[in-house]
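In this text, all values refer to a predicted model and were calculated from it rather than measured experimentally.
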Amino acid sequence: MVMGAGVVGLPYAFFHAGAWVSCLTLALATCVAVITMGYIVEVYGWCEGWTAESEREEEDRCLTIEDQEEWAEPPSVRTAAVGIAREENGSTRRVGKPAGPHMFHIDSHRRFELTEMCGLFLGGRTRVLMEVLLCCNIMISCWLYVSIFGSSLSIIVPQPFVANPPDISKCLEVCNALDEAPCIASACEWVNGTCSKSGELVEYCDSSYSFFSWVFGIVMMFVACLDLSGLSAIQGCLSVFAFCSLSVMCGTVIIAIMTDTGDDKGWDAIPQTDLTGLGQLITCAVTSQMSHQGVPTLVVLMRKKHKAKKVFCGALMYSLSMYVLLCMSTSFFFGPSIANIVTLNWERYSGGAAAGHAIPWWASALSFMVLLFPVVSVSAAFPLQLVVISEILSKAFGGSNPSTPRGTLSSAPIRIMCCFGAVCLAQLLNNVSMIISANAAVGIIIAFVLPCLLHLKARHESVKKWGPAAGQTPYYTRFISHPYFVSLIFLLSIVIEAVAMHQILGAMKTTEKVSGQGLLAGLRS
């Protein structure tokens with residue numbers, strides 16, 4: 001599990017919701033994520049039991065008619081002879097150990113995806129729904145990656161083939177006209193009675209974003225045609241790079257806080273609670289801790305599978321500590337000037353050099369490293385998302401071939417179309433906060449709601465088939481795995497989903513209002 005580019009939008013939401021409520025929300029989202037990942041592990045165990053039982057029943061049905069005719073014993077004796085016992089509910093199982101948790105050990109030779117779990121316990125329609133949700137989640141993630149890449153690279157590199165481009169750092173300016181902050185920023189001016197960026201600057205910034213977004217899309221279309229089976233090594237390097245980048249971000253901000261002597265209003269202060277930003281914070285917090293799609297794969301790879309829950313808990317708690325440290329430090333230092341992609345605040349990092357003095361080379365290197373972090377992250381994660389969505393769509397439309405190696409040319413057209421669609425979406429909307437909210441609305445169902453439903457249904461069916469002893473797997477956790485507690489987490493997940501939808505609708509209304517005001521100002525002019 002890697003702390004990827006999605007973390008860059010978290011500090012902005014953290015600041016606007018307030019420090020204390022943000023810390024509590026992050027902790028709550030992390031706890032729910034850990035619990036639901038544990039539910040997936042338990043459901044995986046039940047899947048093993050049901051699959052093994054189906055295989056045994058299939059073997060029992062393979063008794064030939066000739067063998068049955070040779071037996072003179074009554075049917076009840078014949079059944080015992082082959083080691084089969086008939087349960088009270090009419091089902092059969094082989095004589096041996098009684099039903100219990102030992103039936104549900106996870107086998108490293110088999111892997112059950114979330115879609116297969118849904119099909120086994122919730123039915124074919126739910127499996128189709130899960131596939132649709134996964135495809136939507138992946139497409140929105142790709143959309144987010146393209147937006148982050150275009151926004152970040154347009155600040156690092158001037159747009160080619162443009163004569164006399166403006167200062168690219170001005171694209172970061174936020175234009176306000178408040179009593180204590182008049183319209184005096186270098187990139188801002190009064191336009192039709194509104195403090196905003198000049199038309200020429202806006203046109204350049206939009207053009208640069210579009211250019212680099214399409215460059216990213218075209219490169220990814222070529223990558224989609226390659227064999228992606230060797231990307232595991234890249235993911236390892238990405239983990240190291242992400243850790244180093246986050247450490248640099250936290251370290252430089254903490255040093256700046258300790259050495260800063262300014263007393264600017266709104267800066268160097270803990271953000272106050274503002275419940276109007278709670279919706280955006282919840283969506284960012286949930287998105288930052290969603291790794292549920294990879295749980296089945298990770299469990300199979302673990303040698304000590306009974307420690308899977310502890311491993312996931314430790315990983316998410318580590319990421320939570322890094323998130324809180326990053327958000328608290330950046331919110332405290334940058335204050336109202338914090339960017340919606342927080343790495344962009346390092347564009348002016350000077351390493352403590354006074355105004356008019358040369359910036360040390362190491363400061364420029366650290367600034368470039370932080371600015372490059374989301375670019376590198378999305379470049380490594382994007383192809384993997386294309387692999388997953390192409391496999392889902394291939395299986396959904398019956399075009400998958402088990403003998404075809406993973407990542408071959410056969411699925412390239414699907415990947416290219418998905419890549420093209422993500423870039424087109426990024427041209428229509430590049431608001432990172434809104435894209436994260438949309439991703440969370442879909443992801444909450446995948447990561448929080450469905451695992452609870454799967455756990456309740458799998459336990460119910462197992463108890464119905466084998467008795468109360470089958471209500472626990474070797475990965476059972478006291479109290480947390482109880483049906484009443486699972487139901488509580490399910491209801492909490494529904495509430496979180498409602499908040500995410502409310503956040504999306506509110507953001508859409510705000511966007512429409514701002515667009516309407518801009519259109520009205522243009523008509524008046």
Determine whether a donor-acceptor pair (N or O, by modelled atom type, separation under 3.5 Å) exists between the side chain of S210 and the backbone of S207. no
One should read off an interatomic distance between M37 CE and C313 SG, to the nearest 0.5 angstrom, of 10.0 Å
Salt bridge (Lys or Arg N to Asp or Glu O under 4.0 Å) partners for E497, two or more places apart: none
Just grab all the salt bridge (charged side-chain N to carboxylate O under 4.0 Å, His left out) pairs involving residues 137-162, residues at least two apart or on different chains. none
All ring pair (Phe, Tyr, Trp, His ring centres under 6.0 Å) counterparts of F216, not counting sequence neighbours: F149, F382
Shortest non-hydrogen contact from M139 toward A422: CE-N, 3.8 Å
Those residues that, when tested against T36, pass side-chain contact (heavy atoms from CB on, under 4.5 Å) (two or more places apart): V32, Y39, H292, F448, P451, C452, I489
Taken in chain and number order and not counting sequence neighbours, the residues that satisfy ring pair (Phe, Tyr, Trp, His ring centres under 6.0 Å) with Y44 are F112
May I have the list of side-chain donor-acceptor pairs in residues 17-24 shorter than 3.5 Å, sequence neighbours left out?
unit_1, atom_1, unit_2, atom_2, d
S22, OG, F14, O, 3.1
S22, OG, G18, O, 2.4

Who pairs with F222 by ring pair (Phe, Tyr, Trp, His ring centres under 6.0 Å), at least two apart in sequence or on another chain? none
With sequence neighbours left out, write down each residue that passes side-chain contact (heavy atoms from CB on, under 4.5 Å) with T330, or none if nothing qualifies. P11, V253, L326, F334, I338, V342, W346
Contacts of S350 meeting side-chain contact (heavy atoms from CB on, under 4.5 Å) (sequence neighbours excluded), chain-then-number -> A353, I359
Not counting sequence neighbours, which residues clear side-chain contact (heavy atoms from CB on, under 4.5 Å) with V299? List them please. V41, I106, V295, A308, F312
Do S208 side-chain atoms and Y204 backbone N/O form a donor-acceptor pair below 3.5 Å? no
Quick note, salt bridge (charged side-chain N to carboxylate O under 4.0 Å, His left out) partners involving residues 309-335, not counting sequence neighbours, are E42-K309
With sequence neighbours excluded, what pairs up with Y12 under the ring pair (Phe, Tyr, Trp, His ring centres under 6.0 Å) test? H16
